[in-house]
Colleague: 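Would you mind keeping the following structure in view while I ask a few things?
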There are 2 protein chains.
Amino acid sequence: MLGAMDLRHVRCFVAVAGAGTVTGAAHGLGLAPASVSEQVRRLEAGLGVPLFERTPRGMRLTRHGSELLGRAQALLDHAEEVRRAVTGERRRVTVGALEMLAATRLPAVVRRLSERRPDLDVDVRSLPRQALLAELSGGGVDAALLLDAGPEVGTLGFDAPPDLDFLDVGEVALVLVAAPDGDRDPLLVSSAGCSIRLAADRLFGAQAPRRELTSVATAREWARQGFGRSLLPDFAVEADLASGALVPLGHDAPRLALRLVWPRGREEALRDVLYAMSEPRPSR
Amino acid sequence: MLGAMDLRHVRCFVAVAGAGTVTGAAHGLGLAPASVSEQVRRLEAGLGVPLFERTPRGMRLTRHGSELLGRAQALLDHAEEVRRAVTGERRRVTVGALEMLAATRLPAVVRRLSERRPDLDVDVRSLPRQALLAELSGGGVDAALLLDAGPEVGTLGFDAPPDLDFLDVGEVALVLVAAPDGDRDPLLVSSAGCSIRLAADRLFGAQAPRRELTSVATAREWARQGFGRSLLPDFAVEADLASGALVPLGHDAPRLALRLVWPRGREEALRDVLYAMSEPRPSR
DNA sequence: GGGCCGCGTTCGGGAAGACCGTATGCTCGG
DNA sequence: CCGAGCATACGGTCTTCCCGAACGCGGCCC
């Protein structure tokens, strides 16, 4: 029969649309690029409609492809939901987060989720941001918790794939701190790419004398020892502020959003989960 | 990947569940029984759950199978809907009806449908009742128009598959008629299996002297020529009553329901269509 | 401008699966 | 006790899946 739409083809299509390249999608699917390319072409043949424009830089969705993407995602989710319902298999949700957040802020979010949806198995993966965003598109994680700011994903200063949707589920305050009698310069920053570093760049530009260190923890340590000031997240300096090891330097402390990000088009399947993660607990 | 649910398997499963036998499903699918059997077993293996109890008389759904059936139908309909949305293909609905109704009462129903849903292509198939019911289960027709009575499908006196749902969209009055100066006996009835005949049997039982003829039209002709009385549907005798060729014999004329029947579990995909067929027209 | 890299695709081949026709075992109804 | 109807096992053909390797293409950098 013509146009029978094999789900295998649809899975490949979604992966390619998400990754933007056949190669990337093949990686995510654990297949060879040749196979993925064939599946996509077979889907196009079955539908009788071109889904991608082939460019030497990747695959761009055609009008028909865009039409299909959301529905294809929903269809795959539907199939998954049917399978779960019949096998009685528990639903498994994978949420990723930046390492820093996985250790500090994610537990509260996951606890909220587990309390409100005890039927869910929640996996946690801790990844650097770019890997996180890649896994989001590739389906390795269902949702990701990261730091950001502004009205869209990436406003903080990183490149995000399009077609991501988000919800802010909390705030992180940044505090400019130094040792009570330590130096005020240079500005101690973590390595490029770190969310806190991006925030520091946005706040101070490039003109302030800076010293780049490997991590937030290192920057805090150097500040504590009096080698400069540093812009650090509240949860990293609470103890030191309380003990007096660090003091705030009264500066317009910008707040970052604790942002839950997921691939647009999967609202249907994720809505209840996202809701359970973002809402305040019913009691208390 | 395990448990990936091929839609091909699901199609076979639904067909088998509908037909009750692998052989019947294979017929409907245009496949060999061996192939269908294999697909179903593969689906069961993929889900890790038995879907049927095998008996020498056919296949009976297990608990898991029943769980799956409705969802599987919905999933297939979803896939179809996605395909249509992307290809821009018009939706095609096949409605079947008893021959008698296809000629007399179906046009009004189809007109109603076409006016309210001009985006639909409506096919009409005219079949005897048992073939109609078989096609309903097999998917050859999406909905069927037939005559029935009472609170469930088949109450009029025929065997209907379970898992059919229905909506009464009109009535057919039965009139006991004879020629003005013709004989009153015997009771002229159409051949066994005809809906009108079933109604006559229910009304008069087997005790009345009867003469069996091949069709409703024949029975009417014999009555017109004075060879007995006959229980006939209103649309078949309107002209003769008006002209005086036949006269009503004042009897508690039972009314039959003009009944729209469809496979339970496809409401999701058919709801709008059924609604458009059953509602009175918005204007007038 | 000439390598060079990453892209999608083509090609040949091996393995899995779809499908067929036939044969077998099973249980009913006659 | 036999035949009808059922699901299934078996052997075979053809399609599809998937791979690794090679090809053609367009940017990019020295």
Side-chain angles (χ1 to χ4, degrees), chain A residues 1-47 50-62 64-65 76 130 134 137-138 159 161, chain B residues 1-62 64-65 76 130 134 137-138 159 161:
Chain A
M1 179 153 87
L2 197 102
M5 271 232 298
D6 193 326
L7 284 189
R8 207 182 314 235
H9 300 161
V10 177
R11 262 181 280 273
C12 284
F13 163 77
V14 170
V16 171
T21 78
V22 169
T23 311
H27 229 230
L29 292 167
L31 295 179
S35 309
V36 176
S37 179
E38 184 184 353
Q39 303 295 323
V40 171
R41 246 173 310 112
R42 226 171 266 276
L43 178 60
E44 288 176 314
L47 293 176
L51 298 172
F52 291 104
E53 292 172 27
R54 272 72 171 175
T55 83
R57 331 237 338 130
M59 311 274 280
R60 189 170 37 255
L61 285 170
T62 63
H64 289 115
L76 293 179
Q130 289 315 312
S137 299
D159 284 334
Chain B
M1 177 151 92
L2 197 102
M5 272 232 296
D6 193 327
L7 284 189
R8 205 181 316 233
H9 299 160
V10 177
R11 261 181 281 271
C12 284
F13 163 77
V14 169
V16 172
T21 78
V22 169
T23 312
H27 229 229
L29 292 167
L31 295 179
S35 308
V36 176
S37 179
E38 185 184 353
Q39 303 297 321
V40 171
R41 247 173 310 115
R42 227 171 265 276
L43 178 60
E44 288 177 314
L47 293 176
V49 155
L51 299 172
F52 291 103
E53 292 171 26
R54 271 72 171 174
T55 83
R57 331 239 338 131
M59 311 273 281
R60 188 169 37 257
L61 284 170
T62 63
H64 289 115
L76 293 180
Q130 290 314 313
S137 298
D159 284 334

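Everything numeric here is computed off the predicted structure, so don't read it as measured data.
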Colleague: How close or far is atom P of D:dT13 from atom CD of B:E38, stated in whole angstroms?
Modeller: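 Atom-to-atom, B:E38 to D:dT13, this comes out as 17 Å.
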
Colleague: Measuring only between side-chain heavy atoms, which start at C-beta, is B:M59 closer than 4.5 Å to B:E53?
Modeller: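 Side chain of B:M59 against side chain of B:E53, heavy atoms only: no contact under 4.5 Å found.
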
Colleague: With a 4.0 Å limit, can you tell me whether A:Q39 has a side-chain N or O closer than that to the phosphate oxygens OP1/OP2 of D:dC18?
Modeller: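 Yes.
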
Colleague: Rounded to whole angstrom units, what separation is found between the CZ atom of B:R60 and the C1' atom of C:dC28?
Modeller: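 About 14 Å, once rounded to whole Å.
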
Colleague: From the options C:dT9, C:dA18, C:dC20, select the nucleotide whose nearest atom is closest to the side chain of A:V22.
Modeller: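 The answer is C:dT9, which lies nearest to the side chain.
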
Colleague: Whole-Å distance between C:dT9 C1' and A:E53 CD?
Modeller: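 For the pair A:E53 CD and C:dT9 C1', the rounded distance is 17 Å.
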
Colleague: Closest heavy-atom contact between B:L43 and B:F13?
Modeller: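 Nearest pair, atom of B:L43 first, then B:F13: CD2-CB, 3.6 Å.
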
Colleague: At under 4.0 Å, does any side-chain N or O of B:S35 touch on OP1 or OP2 of C:dA18?
Modeller: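 For C:dA18, OP1/OP2 do not have a side-chain N/O of B:S35 under 4.0 Å.
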
Colleague: Heavy atoms, side chains only, cut-off 4.5 Å: are B:E44 and B:T62 in contact?
Modeller: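 Side-chain contact under 4.5 Å: no.
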
Colleague: Between D:dC19, D:dC17, C:dG8, spot the one nearest the side chain of A:L31, thanks.
Modeller: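 Nearest nucleotide to the side chain: D:dC19.
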
Colleague: Expressed as a whole number of angstroms, how long is the span from A:R11:CZ to D:dT16:P?
Modeller: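 In whole Å, D:dT16 P and A:R11 CZ are 18 Å from each other.
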
Colleague: How many whole angstroms separate atom CG of A:D6 from atom P of D:dT15?
Modeller: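 So the CG-P distance, A:D6 to D:dT15, works out to 17 Å.
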
Colleague: Give the rounded distance in Å between these two atoms: NE2 of A:H27 and P of C:dG8.
Modeller: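 To the nearest whole Å, that distance equals 13 Å.
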
Colleague: Give the nucleotide from the list C:dG6, C:dC19, C:dT9 with an atom nearest to the side chain of A:P56.
Modeller: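 So the nucleotide nearest the side chain must be C:dG6.
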
Colleague: In this structure, how many angstroms lie between the P atom of D:dC17 and the CG atom of A:L29, rounded?
Modeller: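 Going from CG in A:L29 over to P in D:dC17 covers 14 Å.
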
Colleague: From the list C:dC7, D:dC18, C:dA18, which nucleotide is the closest neighbour of the side chain of A:T21?
Modeller: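 The answer is C:dC7.
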
Colleague: Compare every heavy atom of B:T21 with every heavy atom of B:G58, then report the nearest pair and how far apart it is.
Modeller: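 Closest pair (atom of B:G58, atom of B:T21, distance): CA-CG2, 4.3 Å.
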
Colleague: Please figure out whether B:R42 or A:V16 has its closest DNA chain C nucleotide nearer the 5' end.
Modeller: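 Per heavy-atom nearest nucleotide, the more 5' residue is A:V16.
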
Colleague: Which nucleotide, C:dG17, C:dT10, C:dG8, lies nearest any side-chain atom of A:R41?
Modeller: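 The answer is C:dT10.
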
Colleague: Tell me which of A:A34 and A:H9 sits closer to the 5' end of DNA chain D, going by the nucleotide each one is nearest to.
Modeller: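 The residue closer to the strand's 5' end, by nearest nucleotide, is A:H9.
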
Colleague: If you check the A:S37 side chain, which of D:dT8, C:dT9, D:dT16 turns out closest?
Modeller: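 The listed nucleotide nearest to A:S37's side chain is C:dT9.
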
Colleague: Starting at atom CZ of A:R8, determine the distance to atom P of C:dA16, rounded to an integer number of angstrom.
Modeller: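 After rounding, the gap between these two atoms is 13 Å.
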
Colleague: Starting at the 5' end of DNA chain D and moving along, which residue's nearest nucleotide shows up first, A:G30 or B:R57?
Modeller: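 Final value for this comparison: B:R57.
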
Colleague: For A:A25 versus A:V36, what's the shortest heavy-atom pair and its separation?
Modeller: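 Answer, listing the atom of A:A25 first, then A:V36: CB-CG1, 4.5 Å.
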
